[in-house]
Every structure is written in C-alpha cells, then in structure tokens.
Amino acid sequence: MQQCVRACLLALLLAGCASPSGTLPSSTASATAAAPRYHAAIELGGRLSVRYQRNGQDEAMHGSFAWSQSATRTLVTLLSPLGQTLATIELTPQGATLTQPGQPVRRATDADALAADAFGWPLPVANLRNWLQGHALDAHGQRFAAAGSTHPIRTPDGWQLQFPLWQSSDSATEHPKRIDLARNTTQAGAIEIRIVIDDWQPQP
C-alpha cells in the first residue's frame, strides 16, 4: 500500500509539469535592498522540484506548494500541477500531522521524519520556517540572515543551503526568489530540492 501511495504521488506531480528553472528571472535583487526581515507570520506560495533516488534509480518530481506560518503553527500544502491536494503537513508545538487523500492521518513528533516516511524523501519542514525567508540557524541555534548571499551554507543537520536568486518587496527588503537544498541521505541517496517562491505575503 505504501508503494502505491508513493507511486500515485509521483505520477500526479509529474503529469504535465515543467521544471521551474526555465521561468526564473535572470537578475538578482538590487544590491541596495535591505537584508531580509524575519516574519513570524507569513503566507507563501510557489513551485517545488525534487531529485532523489529510489531503489538505486534516479527519480524526479515537480509540483507546487502553499505555506502558511504563524508563531506557533506551520501548515504546508503540496499540490499537483492540476491543483489537486496531494498532502498537507501541520506542525505545532504538540507535534506534526500529515494528511493524504484517502489515507489515515499520520502523526509524529518530527515533521521531517514524518514527510520522509510518507514520500520516500525528506522535506525539512521545521528548517524551512527560516530558510524560506532567507535565514538559517548557526551551530548554536541562533538565527542569522543570509543577506543576499549566493554562497552555499552548510547547516548543522547536514543540508547544503543556497540562495541563488533574491528579489525585493515593495518595502525594498530582500527575500529569496529561489532556494536550492542538497543532502546525502541513507533513504533517498543524494537529494536535491529546488524551491521557487512566487507569492510573498507577510501577515500582521
């Protein structure tokens, strides 16, 4: 049953969807833009592509996502190219839940492990609260701003994080346009995740 669920997820994500890399803007944010500000509450949307391995074979998938974040809650919705909801992940201080159509609700204390178990590849939900806004945590757990840098950042938990493209909001504050993630894993081999942010809506 688990293999069937993963196969359906892959098929829906691949159907009729092109790689987001072909539609990215050619310029980065202005050098005069301010460093990224961290928003405790924010609504985001965009595109997601994943390259990983299953049973020694290379796999790739593409889809879109919606992200809703407050100080105490994160809700991620993964969508097919046709707009079908493939999965939702909710993260709160009490733990994480993952819901897929027609499947029992999954629960765990670790959202990242929950996603890896369901999809066959890891999605670092907890860290994305920072990364989607151009921030990361240092070895001491302190948040810092990448501030327009395009150089790779090695995270304490083994991800290589890079912000190749930045853009400015109406207030001239920079935020990421594209985020590249890479990591070697036991479960999914060498995994690469590319995130393109199309919608950026900080909340009061």
Side-chain angles (χ1 to χ4, degrees), residues 9 20 29 33-50 63-80 83-101 103-119 121-148 153 155-157 159 161-163 165-181 193-204:
L9 178 68
R37 172 188 171 192
Y38 183 80
H39 302 276
I42 193 168
E43 307 276 341
L44 301 171
R47 291 159 286 157
L48 178 77
S49 68
V50 184
S64 61
F65 72 95
W67 179 281
S68 178
Q69 170 181 324
S70 69
T72 59
R73 179 176 179 264
T74 303
L75 182 64
V76 189
T77 303
L78 300 180
L79 304 165
S80 76
Q84 298 167 302
T85 297
L86 301 177
T88 59
I89 304 170
E90 183 177 16
L91 178 62
T92 69
Q94 289 71 45
T97 60
L98 187 148
T99 305
Q100 292 173 294
Q103 301 295 321
V105 176
R106 300 169 181 262
R107 293 181 172 85
T109 57
D110 186 335
D112 300 4
L114 191 64
D117 182 59
F119 306 147
W121 46 271
L123 181 65
V125 178
N127 282 327
L128 283 169
R129 284 179 60 93
N130 290 307
W131 299 348
L132 289 173
Q133 298 194 51
H135 292 254
L137 299 180
D138 63 20
H140 304 288
Q142 299 298 310
R143 182 185 295 125
F144 67 90
I153 298 170
T155 69
D157 57 351
W159 285 93
L161 170 66
Q162 194 165 9
F163 300 95
L165 292 172
W166 293 77
Q167 60 186 351
S168 297
S169 63
D170 293 340
S171 61
T173 300
E174 275 192 336
H175 58 82
K177 173 64 179 177
R178 192 182 107 193
I179 306 169
D180 292 347
L181 309 175
I193 301 176
R194 174 173 294 182
I195 298 170
V196 178
I197 298 175
D198 296 317
D199 299 314
W200 176 274
Q201 298 291 333
Q203 302 299 301

Residues Ala115 and Ile89: closest non-hydrogen pair is CB-CD1, 4.1 Å

Value for CD1 (Ile197) from CG (Leu48), rounded to nearest 0.5 Å, stands at 11.5 Å

Check your understanding: Going through the checks in order, is the side-chain contact (heavy atoms from CB on, under 4.5 Å) test met by Leu132 and Ile195?
Key -> CA-CA 9 Å; Leu132 289 173; Ile195 298 170; 4.0 Å; yes

Practice prompt. Assert yes or no for the condition that the ring centre distance of His175 to Trp166 is strictly below 6.0 Å.
Written response: no

(message) Checking Ser68 against Glu43: is there a side-chain donor and acceptor pair closer than 3.5 Å?
(response) yes

Taken to the nearest 0.5 Å, the spacing of Leu181 CG from Ile193 CD1 works out to 5.5 Å

Between Pro176 and Gln167 the two heavy atoms that sit nearest each other are O-NE2, 4.1 Å

Those residues at least two apart in sequence (or on a different chain) that pass salt bridge (charged side-chain N to carboxylate O under 4.0 Å, His left out) with Asp110 are none

TODO: With Arg178 as the cation and Phe163 as the aromatic partner, state whether NZ or CZ is under 6.0 Å from the six-membered ring centre and within 45° of the axis.
DONE: no

Ignoring hydrogens and angles, tell me if any N or O in the side chain of Thr85 forms a donor-acceptor pair with the backbone of Ala87 under 3.5 Å. no

When every non-hydrogen atom of Leu44 is compared with those of Trp200, the smallest separation belongs to CD2-CE3, 3.3 Å

Correct closest heavy-atom pair for Pro122 and Ala116 would be CA-CB, 4.0 Å

When every non-hydrogen atom of Ser64 is compared with those of Ser80, the smallest separation belongs to OG-O, 4.2 Å

- prompt: For the side chain of Arg194 and the backbone of Arg47, is there at least one donor-acceptor N/O pair under 3.5 Å apart?
  reply: no

Practice item. Answer with yes or no whether the side chains of Gln69 and Trp67 bring together a donor and an acceptor at under 3.5 Å. Key: yes

side-chain contact (heavy atoms from CB on, under 4.5 Å) between Asn130 and Tyr38, worked out
CA-CA 8 Å; Asn130 290 307; Tyr38 183 80; 3.5 Å; yes

Rounding to 0.5 Å, atoms CG (Asn127) and CH2 (Trp159) come to a distance of 9.0 Å

When rounded to the nearest 0.5 Å, the distance separating OG1 of Thr97 from CG of Leu91 is 9.0 Å

>> With no hydrogens and no angle check, just 3.5 Å: does a side-chain donor-acceptor pair link Arg129 and Thr74?
In response: yes

Minimal heavy-atom distance between Ala136 and Leu161, with the atoms involved, is CB-CD2, 4.0 Å

(Q) Are Arg106 and Gln100 packed together at the side-chain level, in the sense that at least one heavy-atom pair is separated by less than 4.5 angstrom? (A) yes

Between the CH2 atom in Trp131 and the CD1 atom in Ile153, the distance rounded to the nearest 0.5 Å is 10.0 Å

message: For the backbone of Gln201 and the side chain of Gln203, can you confirm whether one donor and one acceptor N or O come within less than 3.5 Å of each other?
response: yes

The reported gap from OG1 in Thr155 to CG in Asp138 (rounded to nearest 0.5 angstrom) is 11.5 Å

Residues passing the salt bridge (charged side-chain N to carboxylate O under 4.0 Å, His left out) test with Asp157, sequence neighbours excluded, are none

State plainly whether the residues Lys177 and Asp198 are in salt-bridge range, i.e. N to O under 4.0 Å.
yes

Residues at least two apart in sequence or cross-chain that pass salt bridge (charged side-chain N to carboxylate O under 4.0 Å, His left out) with Arg73, listed by chain then number, are Glu90

Criterion side-chain contact (heavy atoms from CB on, under 4.5 Å) on Leu78 and Phe119, from CA distance to verdict: CA-CA 11 Å; Leu78 300 180; Phe119 306 147; 3.6 Å; yes

